[in-house]
Asks: 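I'd like to ask you about the structure that follows.
Since the structure is predicted, the reported quantities are computational estimates derived from the model, not experimental observations. By convention in this document, chain letters (A, B, ...) are assigned in the order of the sequence lines, proteins followed by strands, and residues within each chain are numbered from 1.
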Amino acid sequence: MYVEEVISRLKELYPNGYFHVNRDPFYLLISTVLSQRTRDDVTIPTTQKLFSVFPTVEEMAEADVDEIQELIRNVGFYRVKAQRIIDISRIILQDYGGIVPDTMNELLKLPGVGRKTANCVLGYGFEQDVIAVDTHVHRISNRMGLVDTSDPDETEKELEKVVPRDEWKNINGLMVLFGQNVCRPVGPKCDECIMDDICPKMI
DNA sequence: AAAACGGGGGC
DNA sequence: GCCCCAGTTTT
């Protein structure tokens, strides 16, 4: 089947997947918020720097917003993100006893958390069967004919119909790597792509 | 449905 | 110097 062949080749290309990410739900939550609309090669060092100063939910919740702003000044939307990081930390501390909630419904109540961010936390942090649809997953799924829609939420639903359930949580990491290195938003490297014999764009 | 938030990196 | 980027909220 086409989709299973695509996943098989992606796994062969990126056998280590996303092993480098910290799987702690709170770390994942904050790092994912920081990475919204900002390249992860920029946000990863910034996230490490932020957590070296404020390692816990408690310390993050009591941090001064100006100090957080200064620490994350190099990432996009840093002012609003700094405020959201504090607000998220305070809510998790006060309403959830310092434990990141493990349901979509509760995660969506947090400021700056939408379906994509929530699914990253649920998938990477809590090992749940979810598909986190970001711009890479959305673009590649449409380019390769796995889905056909301009709505990322529709892409998530359509992918759930065609991707085997035990691969759901792997889709995001594989397609992000593939999307950054090969099937890029602009100027995809189709001439050196391992999908060249099955991708609809190439046939 | 469209605007707004935004500094960094590739070219 | 110009264009785009691991989205979400507000208008």
Asks: What's the CD-P distance between A:Q180 and C:dA6, to the nearest Å?
Replies: 6 Å
Asks: When the P atoms of B:dC11 and C:dA6 are compared, how many Å lie between them, rounded to an integer?
Replies: 14 Å
Asks: Indicate yes or no: at least one non-hydrogen side-chain atom of A:Y14 is less than 4.5 angstrom from one of A:R9.
Replies: no
Asks: Using the P atom in both, what is the distance from C:dT9 to B:dG8, to the nearest Å?
Replies: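 Per the computed distance, 24 Å lies between those P atoms.
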Asks: Do A:W168 and A:E160 come close enough that some side-chain heavy atom pair is under 4.5 Å?
Replies: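 SC-SC contact between A:W168 and A:E160 confirmed.
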Asks: Using a distance-only test with no angle check, is there a side-chain donor-acceptor pair under 3.5 angstrom linking A:Q69 and A:D66?
Replies: no
Asks: So which pairs with a foot in residues 176-190 of chain A pass side chain to side chain donor-acceptor pair (under 3.5 Å), sequence neighbours left out?
Replies: A:D40-A:Q180
Asks: Can you sort out which residues in residues 153-168 of chain A have a heavy atom within less than 4.0 Å of DNA chain C? Ascending by number, please.
Replies: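 Close to the strand, none.
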Asks: Quick check: are there more than 12 heavy atoms from other residues, nucleotides or ligands sitting under 6.0 Å from CG of A:L108?
Replies: yes
Asks: Give me the first and last nucleotide of DNA chain B, going 5' to 3', that has any atom under 4.0 Å from a heavy atom of chain A.
Replies: B:dC5 to B:dG9
Asks: Is the backbone N or O of A:Q36 less than 3.5 Å from a side-chain atom of A:K81, with the two atoms forming a donor-acceptor pair by type?
Replies: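 The answer is yes, because a donor-acceptor pair under 3.5 Å joins these two groups.
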Asks: Any donor-acceptor pair under 3.5 Å linking the side chain of A:N119 with the backbone of A:I131?
Replies: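 Yes; judged by distance alone, with no hydrogens or angles, the pair exists.
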Asks: Side chain of A:Q36: nearest nucleotide among C:dC4, C:dG7, C:dA6?
Replies: C:dG7
Asks: With heavy atoms under 4.0 Å as the rule, sort A:N172 into base, sugar-phosphate or nothing.
Replies: base
Asks: Rounding to an integer number of Å, can you tell me how far A:D134 CG sits from C:dA6 C1'?
Replies: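 Result: 5 Å.
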Asks: Going hydrophobic residue to hydrophobic residue with side-chain gaps under 4.5 angstrom, can you get from A:Y124 over to A:L29?
Replies: no
Asks: Whole-Å distance between C:dA6 P and A:R139 CZ?
Replies: 7 Å
Asks: Is the shortest side-chain heavy-atom distance between A:P55 and A:M60 below 4.5 Å?
Replies: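 No, side chains not in contact.
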Asks: Looking across every strand, which nucleic acid part, if any, lies under 4.0 Å from A:T135 by heavy atom: base, sugar-phosphate, or nothing?
Replies: sugar-phosphate
Asks: Taking only the side-chain nitrogens and oxygens of A:T117, find out if one of them lies under 4.0 Å from OP1 or OP2 of C:dG7.
Replies: no
Asks: Whole Å only: how far is the CZ atom of A:R37 from the P atom of C:dT8?
Replies: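 After rounding, the gap between these two atoms is 11 Å.
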Asks: Kindly state which residues belonging to residues 98-113 of chain A come within less than 4.0 angstrom of DNA chain B, counting heavy atoms of the residue only, listed by number.
Replies: none
Asks: Can you measure from CE (A:M104) to CD (A:Q128) and round to the nearest 0.5 angstrom?
Replies: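 It is 9.0 Å, given to the nearest 0.5 Å.
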Asks: Using distance alone, with no hydrogens and no angle criterion, decide if A:E158 and A:T149 have a side-chain donor and acceptor under 3.5 Å apart.
Replies: no
Asks: Hey, can you tell me if A:F26 and A:F51 have their rings parallel, tilted or perpendicular (30° and 60° cut-offs)?
Replies: perpendicular
Asks: Among A:L110, A:L107, A:V33, A:V113, whose side-chain contact (heavy atoms from CB on, under 4.5 Å) with A:V121 holds?
Replies: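 Going through the options one by one, the only one that passes is A:L107.
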Asks: Enumerate the residues from residues 79-88 of chain A whose closest heavy atom to DNA chain C is under 4.0 Å, giving them by residue number; use none for an empty result.
Replies: A:R84
Asks: Looking at residues at least two apart in the chain, or sitting in another chain, which of them share a salt bridge (charged side-chain N to carboxylate O under 4.0 Å, His left out) with A:E154?
Replies: A:K157
Asks: Say you pick atom C1' in C:dC2 and the same atom in B:dG6; how far apart are they, in whole Å?
Replies: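 These two C1' atoms come out 15 Å apart once rounded.
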Asks: Specify the separation, in whole Å, of atom NZ of A:K116 and atom P of C:dT8.
Replies: 7 Å
Asks: Using heavy-atom distances to pick each residue's nearest nucleotide on DNA chain B, tell me which of A:R39 and A:G76 is more 5'.
Replies: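 Whichever sits nearer the 5' end wins; that is A:G76.
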Asks: Across the strands shown, which category fits A:T38 at heavy-atom distances under 4.0 angstrom: base, sugar-phosphate, nothing?
Replies: base
